[in-house]
Amino acid sequence: LAIWRVAVAQNVEIRSNSSRSGRSHRPRIDQFVDVLARHHGVVTIGLLLAMVAAGWSMSRLNTSVRIETLFGRDSRILSDYRWLESHVAPLVPIEIVITFEDSSGLSLQQRLAEVRRIDSGLRACSSVSGSLSALTFLPTLPTCAPTSADEAVAMHRFAHLTLVQTEQQWAKMRLVSNTNSRQQWRIRGIVSALEQTDYGVLLSEIRQRLAAIASDGESSSTPHFAIEATGIMPLVHDVQRQLLVDLRSSFLLAFLTITIVMTVMQGSVGGGLVAMLPNIFPTLLIFGLLGWLEIPIDIGSVMSASIALGVAVDDTLHFLTTFQRSLASGASRRQAVRESYRHCGRAMWQSSLICGAGMAVFALSDFVPTARFAWMMVALFAAAIVGDLM
């Protein structure tokens with residue numbers, strides 16, 4: 001009996017404390033809801049205008065997978081790059097492949113002349129510091145004038161034999177390749193990895209010059225040959241362009257899929273679309289801010305958009321479910337909102353805090369895309385909780 005009395009007394013005390021605790025928290029929640037209710041028009045219009053402005057700023061987004069955006073300024077790899085480019089040579093290659101068909105009828109000397117013309121055109125491009133090709137290892141041939149016809153024939157044979165032997169050396173050096181009734185010559189241009197070079201503009205300039213050289217060759221009755229720009233620099237440019245395409249396509253696909261689910265859950269198209277507003281708010285806000293500040297996005301940044309959309313949808317669904325249940329039980333809209341705050345508001349910001357803290361540890365990484373992914377996720381979590389609760 002004594003133990004039972006003690007248990008009852010403790011239970012009454014616990015209930016009393018929890019009741020006082022609830023009364024201490026409820027006024028703050030109620031005050032917040034009342035403020036939102038009184039100024040709901042201003043709040044809604046303000047957040048919608050922020051979304052429109054952020055959406056416009058997203059048109060200024062740029063992508064980058066360049067070496068200087070992957071590591072910190074004081075990292076060892078960037079210091080090594082700077083030393084090599086200062087004391088040796090630039091490090092980013094662009095490969096030019098010239099293809100001659102065997103049916104073209106061009107002699108070895110004529111092909112060398114075309115390669116020399118293309119090499120000169122490549123060197124004339126801005127930001128191209130130099131080139132490496134078969135011309136770099138071309139042997140020095142006699143330049144003195146022959147004194148007789150026999151000497152001229154001998155010098156011609158010697159030059160031809162030297163070039164044939166040199167062509168075999170070029171093949172071993174992977175500068176010339178003979179495959180399937182065609183011969184391909186390789187020219188490697190070099191560009192700085194650390195200078196602020198727009199690879200898209202440079203590639204366009206190189207391709208225009210190569211196209212002009214090819215058309216000049218055709219107009220001068222020279223048989224056709226193909227020129228192609230390839231290598232790591234075009235690859236980096238294509239990756240940067242693909243990142244932006246993937247950001248748009250993945251986010252739109254996730255948005256459409258989740259909108260359909262939310263429409264089914266809400267029982268109406270209008271309800272589903274309105275429910276998606278707080279879900280796209282964090283992505284528009286953060287990525288719009290990146291576009292406005294002209295901060296380039298990378299692989300990690302691209303992945304964060306769809307993740308943030310999924311996290312925001314989770315909180316939105318919890319909040320709306322509690323709201324609809326309260327309405328169904330006869331509560332007014334303001335009472336339903338207040339009940340939603342009491343039931344899941346604290347859990348929403350606590351889960352956002354936990355997820356953000358878990359991601360924040362990666363902000364210490366030396367690999368910039370990982371660190372950027374971490375702080376972007378923290379910012380997206382914060383924006384998502386603002387969008388859901390307001």
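Remember, predicted model here, so these are calculated numbers, not experimental data.
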**Item:** Full working for side-chain contact (heavy atoms from CB on, under 4.5 Å) between Y81 and I77
**Value:** CA-CA 6 Å; Y81 261 75; I77 188 170; 3.9 Å; yes

**Request:** Would you please test S204 and Q208 for side-chain contact (heavy atoms from CB on, under 4.5 Å) and show each step?
**Result:** CA-CA 6 Å; S204 178; Q208 288 177 2; 3.5 Å; yes

**Request:** Would you sort out whether Q335 and S326 count as a side chain to side chain donor-acceptor pair (under 3.5 Å), showing the intermediate values?
**Result:** CA-CA 8 Å; Q335 290 172 342; S326 298; over 6 Å; no

**Request:** Before giving the answer on side-chain contact (heavy atoms from CB on, under 4.5 Å), spell out for R186 and I96 the whole-Å C-alpha distance, their side-chain angles and the decisive distance to 0.1 Å.
**Result:** CA-CA 6 Å; R186 172 186 173 190; I96 308 299; over 6 Å; no

**Asked** Given the rule in the side-chain contact (heavy atoms from CB on, under 4.5 Å) test, do F281 and D388 qualify, once you have shown the distances and angles that lead to the verdict?
**Response** CA-CA 9 Å; F281 174 78; D388 279 322; over 6 Å; no

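Here the closest non-hydrogen pair linking I190 and A89 is CD1-CB, 4.4 Å. The minimum heavy-atom distance linking T263 with V269 is given by the pair CG2-CA, 3.6 Å. Closest approach of I232 and P93 over heavy atoms only: CG2-CD, 3.1 Å. Across M262 and A275, no two heavy atoms sit closer than the pair CE-CB, 3.6 Å. Pairing each heavy atom of F137 with each of S133, the nearest pair is CD1-O, 3.6 Å. Heavy-atom minimum distance, E85 versus P90: OE2-CA, 3.8 Å.
Distance alone, capped at 3.5 Å, places no donor-acceptor pair between the T44 side chain and the G41 backbone. Between the side chain of S352 and the main chain of M348, a donor-acceptor pair closer than 3.5 Å is present. Within the 3.5 Å criterion, the main-chain N or O of H318 finds a donor-acceptor partner in the side chain of T322. A donor-acceptor contact shorter than 3.5 Å is absent between the side chain of T136 and the backbone of L132. Side chain of H343 to backbone of S340: no donor-acceptor contact under 3.5 angstrom is found.
A salt bridge links D119 with R123: the closest approach of a Lys/Arg side-chain nitrogen to an acidic carboxylate oxygen falls below 4.0 angstrom. Looking at E114 and R117, a side-chain N of the basic residue comes within less than 4.0 Å of a carboxylate O on the acidic one, giving a salt bridge. Under the 4.0 Å criterion applied to side-chain N and carboxylate O atoms, R241 and D238 are assigned as salt-bridge partners.
Checking Q183 against E167 by side-chain atom types alone, a donor-acceptor pair falls below 3.5 Å. For the 3.5 Å distance criterion, the side chains of E228 and T99 fail to qualify, holding no donor opposite an acceptor. With 3.5 Å as the limit, one finds no donor-acceptor pair spanning the side chains of T230 and E95.
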Side-chain atoms of residues 365-386: list all donor-acceptor pairs with protein atoms under 3.5 Å, sequence neighbours left out, distances to 0.1 Å.
from: S365; atom 1: OG; to: F367; atom 2: N; distance (Å): 3.1
from: R372; atom 1: NH1; to: P296; atom 2: O; distance (Å): 3.2
from: R372; atom 1: NH1; to: D298; atom 2: OD2; distance (Å): 3.0

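No more than 12 heavy atoms of other residues, nucleotides or ligands lie within 6.0 Å of CH2 in W292, so this atom counts as exposed by the packing criterion. For H39, the NE2 atom counts as densely surrounded, since its 6.0 Å shell holds more than 12 non-hydrogen atoms of other residues, nucleotides or ligands. More than 12 heavy atoms of other residues, nucleotides or ligands shown are found within 6.0 angstrom of CE on M303. At most 12 non-hydrogen atoms from other residues, nucleotides or ligands lie less than 6.0 angstrom from CZ of F362. A 6.0 Å sphere centred on CZ of R82 holds more than 12 heavy atoms belonging to other residues, nucleotides or ligands.
For S177, there are no side-chain hydrogen bond (donor to acceptor under 3.5 Å, both in side chains) partners at least two apart in sequence or on another chain.
Considering CD1 of I213 and CD1 of I118, their distance stands at 6.0 Å, rounded to 0.5 Å. Note: T283 OG1 to M51 CE = 9.5 Å, rounded to the nearest 0.5 Å. Rounded to the nearest 0.5 Å, atoms CD (Q184) and CD (E101) are 9.0 Å apart. Rounding to the nearest 0.5 angstrom, the gap separating the CZ atom in F255 from the OG atom in S306 is 12.5 Å. Annotation: the span from M359 atom CE to I354 atom CD1 amounts to 13.0 Å, rounded to 0.5 Å. The structure places OG1 of T166 at 7.5 Å from CD of Q169, a figure rounded to the nearest 0.5 Å.
Considering only heavy atoms from C-beta on, C125 comes within 4.5 Å of R209 through its side chain. In this structure, the side chains of F323 and R333 come closer than 4.5 Å at one or more pairs of heavy atoms. Inter-residue side-chain proximity for L320 and M265 is flagged as unmet; no heavy-atom pair is nearer than 4.5 Å. Counting only heavy atoms from C-beta outward, the side chains of V313 and V261 never approach each other to under 4.5 Å. Within the 4.5 Å cutoff, no side-chain heavy atoms of V97 are placed close to those of I227. In this structure, the side chains of N62 and I297 stay at 4.5 Å or more apart for every pair of heavy atoms. For the pair F251 and L256, the minimum side-chain heavy-atom distance is 4.5 Å or more.
Partner S127 forms a side chain to side chain contact (heavy atoms under 4.5 Å, CB included) with one of V201, L202, I94 and no other, that one being L202.
Judged as a side-chain hydrogen bond (donor to acceptor under 3.5 Å, both in side chains), not a single pair has a partner in residues 248-261 (not counting sequence neighbours).
Below 30°, between 30° and 60°, or above 60°: for W185 and F100 the angle between ring planes is above 60°, a perpendicular geometry.
Hydrophobic clustering (side-chain heavy atoms under 4.5 Å, transitive across Ile, Leu, Val, Met, Phe, Trp, Tyr) groups L108 together with L175. Hydrophobic clustering (side-chain heavy atoms under 4.5 Å, transitive across Ile, Leu, Val, Met, Phe, Trp, Tyr) groups M390 together with V311. Under a hydrophobic-cluster definition in which Ile, Leu, Val, Met, Phe, Trp and Tyr are linked whenever side-chain heavy atoms come within less than 4.5 Å, directly or via other members, I280 and L48 are assigned to the same cluster. If you chain together hydrophobic residues whose side chains sit under 4.5 Å apart, V302 and V245 never meet in one group. Two different hydrophobic clusters hold M58 and L253 under the rule that ILVMFWY side chains link at heavy-atom gaps under 4.5 Å.
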